[in-house]
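From a predicted model like this one, the values you see are computed outputs, not experimental measurements. First the proteins, then the strands, lettered A, B, ... as listed; each starts at 1.
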Amino acid sequence: MQLLIYNTLKRKKEVFEPLNAPHVGMYVCGPTVYGDAHLGHARSAVTFDLVFRHLQHLGYKVRYIRNITDVGHLENDADEGEDKIGKKARLEQLEPMEVVKHFTDRYEQNMDALNCKHPSIEPTASGHIIEQIEMVKTIFENGYAYESEGSVYFDVEKYNKNYKYGKLSGRKVEELLENTRELAGQDEKKNGFDFALWKKADERHIMRWPSPWSDGFPGWHMECSAMGKKYLGETFDIHGGGMDLLFPHHESEIAQSNAAQGKDAVRYWMHNNMITVNGQKMGKSLNNFITLEEFFTGKHEALQQAYSPMTIRFFLLQAHYRSTLDFSNEALQAAEKGMTKLFAAYSTIDKLSASATSSTDVKKYRDLCYQAINDDFNSPILISHLFDLVKIINQVNDKKASLTAEDISFVKQIFDDFLLDILGMKSENSTDNSQLVNYLMNTILEIRKNAKESKDWATADKIRDELNKLNIQIKDTKDGADWSFK
RNA sequence: GGUACCGUGGCCGAGUGGCUAGGCUCUGGUCUGCAAAACCAGCUACAGCGGUUCGAAUCCGCUCGGUACCUCCA
């Protein structure tokens with residue numbers, strides 16, 4: 001079965017064929033660490049975690065790079081802006097690197113909570129200043145850059161004569177020229193759409209490095225080009241990021257790579273869509289974002305309750321990564337319930353009693369699941385197939401359907417492969433199978449059974465209610481009582 | 001203004017020419033001492049108008065509505 005990936009560059013799905021199978025190189029734009037991560041960051045991370053996990057599941061040896069932007073892009077339009085990280089550092093009376101460390105740690109904690117696997121390498125922009133300077137030099141030598149007042153700019157017009165600037169975002173240089181806003185401080189540039197490769201730092205700017213041109217810092221898009229090349233080679237398979245990075249960030253990366261090495265670096269461009277709030281993009285600039293920490297604790301005025309990391313992950317996976325996804329309490333609560341149902345069924349698989357024959361064909365579900373995930377990582381379809389299996393599991397549990405021992409373990413394997421391994425979901429009840437808990441629960445249920453037999457409903461109900469408070473649910477069935485974590 | 005995308009049932013969200021997506025909610029039933037859970041059944045949509053077609057949510061055109069990018073942004 002072939003894996004299809006939607007390539008933004010071609011605007012269609014393509015069969016994925018790695019350059020150097022079984023090795024796959026993947027580069028994803030990570031966070032700028034000057035603030036807490038919000039739902040949008042989670043979407044990008046979960047999307048590419050899904051890609052990473054699935055590629056690994058298929059047997060590829062993946063080198064997954066996700067950068068940490070700690071140099072700080074410019075704050076405003078114009079190039080007069082102040083380094084974001086430097087600004088935050090001044091405000092908080094901290095060293096810039098202290099800010100970087102703080103938010104990097106928090107980001108990693110959030111991603112761990114969301115059960116995102118760690119990338120193979122998480123390089124920082126500040127740790128690769130030399131590589132970036134080298135690349136700027138090469139672009140300069142190749143004639144696609146010019147120096148102005150200590151800064152180096154990319155000559156888009158000249159580049160566009162030999163290559164096509166705008167092929168990723170579908171923009172034309174002529175149109176850009178007409179539509180580029182008049183911004184302050186652009187007099188250093190030949191054209192408004194030229195972008196900085198190296199920027200001279202003014203005296204207030206505290207993050208700065210020496211270079212052949214000036215004491216300054218690398219331009220907006222250099223780090224990804226330089227670090228991608230360093231760790232994945234001149235050409236690599238996948239480059240991912242949020243759709244909002246398409247232009248100008250990724251467009252400029254393409255230009256930089258071509259200007260430096262005469263060829264494209266990236267074969268498959270992947271972009272995840274935005275999270276919206278009331279139909280509007282959730283973003284830092286709009287100030288309508290909710291941080292992951294706020295979701296986990298429920299401490300935000302827009303939240304009716306706390307939502308666990310796995311609820312957030314499941315919510316994200318229930319939509320396709322290329323669709324916008326609208327945040328609402330209702331949608332999150334629905335995701336929470338659905339997830340609970342899914343995991344409840346997962347743990348009943350082990351309690352199922354086998355029959356001599358199966359009343360349903362469960363073998364086909366594995367193919368259906370692969371079909372879904374191989375079709376550009378269609379996690380919502382994959383999840384719908386798992387829910388079909390949930391129904392079958394419960395039917396078997398209710399003796400309304402039957403499965404052979406072989407089929408039961410087959411179903412178990414599907415859940416292990418797709419729910420846990422590929423979708424990266426995990427049960428949030430850590431004590432699930434603790435022997436002691438099981439023993440205690442059996443004792444308690446025995447007492448409750450005796451109470452019920454002597455029609456001591458008060459005791460029976462008290463046991464049930466008290467356990468309920470501990471998130472333990474009693475289920476009375478024909479064959480006696482059972483229990484599970486909620 | 002330029003470029004691109006989207007508009008699906010009470011809510012979320014798949015689907016791109018013919019076959020019930022799925023989840024949540026709601027209603028009725030089975031089970032239960034009562035619940036919960038589970039199961040069964042019901043509610044069956046595709047912005048509007050026109051066109052192509054034996055047949056369209058799905059293709060084409062127009063209209064209306066919304067969003068994203070064009071400035072840092074996942």
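Contact annotation: A:Q395 reaches the phosphate of B:C40 (side-chain N/O to OP1 or OP2, under 4.0 Å). Contact between the side-chain N/O atoms of A:N394 and the OP1/OP2 oxygens of B:C39 is found at a separation under 4.0 Å. Applying the 4.0 Å criterion to OP1 and OP2 of B:C24, one finds that A:K341 has a side-chain N or O inside that range.
The line from CG of A:L168 to CD1 of A:I254 is 4.5 Å long, rounded to the nearest 0.5 Å.
Across the strands present, B:G7 finds its partner in B:C64; the criterion is a Watson-Crick or G-U wobble pair with both atom distances under 3.5 angstrom. For B:C43, there is no paired nucleotide, since no Watson-Crick or G-U wobble pair has both relevant distances below 3.5 Å. Nucleotide B:U30 forms a pair with B:A38, judged by Watson-Crick or G-U wobble geometry with both contacts under 3.5 Å. The pairing partner recorded for B:C69 is B:G2, the criterion being a Watson-Crick or G-U wobble arrangement whose two distances lie under 3.5 angstrom.
In this structure, A:F387 forms no aromatic stack with the base of B:G23, since the conditions of centre separation below 5.5 Å and plane angle below 30° are not both met.
For the pair A:N329 CG and B:C24 C1', the interatomic distance rounds to 14 Å; values are reported in whole Å. The separation between A:H249 atom NE2 and B:A68 atom P is 21 Å, rounded to whole Å. Rounded to an integer number of Å, the gap from A:R11 CZ to B:C69 C1' is 10 Å. The distance between atom CG of A:L286 and atom C1' of B:U71, rounded to the nearest whole Å, is 12 Å. Taking atom CG of A:D388 as the reference point, atom P of B:G23 lies 7 Å away to the nearest angstrom.
A:M243 comes within 4.0 angstrom of nothing in the nucleic acid, heavy atoms only. Across all strands shown, A:K284 has heavy atoms under 4.0 Å from sugar-phosphate atoms exclusively, and none from any base. Here A:K281 lies in heavy-atom contact (under 4.0 Å) with a base. No engagement by A:M339 is indicated, since no non-hydrogen atom pair under 4.0 Å with the nucleic acid exists.
Distance check on atom P: B:C11 versus B:C64 gives 25 Å, rounded to whole Å. Taking atom C1' on both B:G33 and B:G42, the two are 29 Å apart, rounded to the nearest angstrom.
For A:K475, counting side-chain heavy atoms from C-beta on, the closest listed nucleotide (B:G23, B:C39, B:A36) is B:A36.
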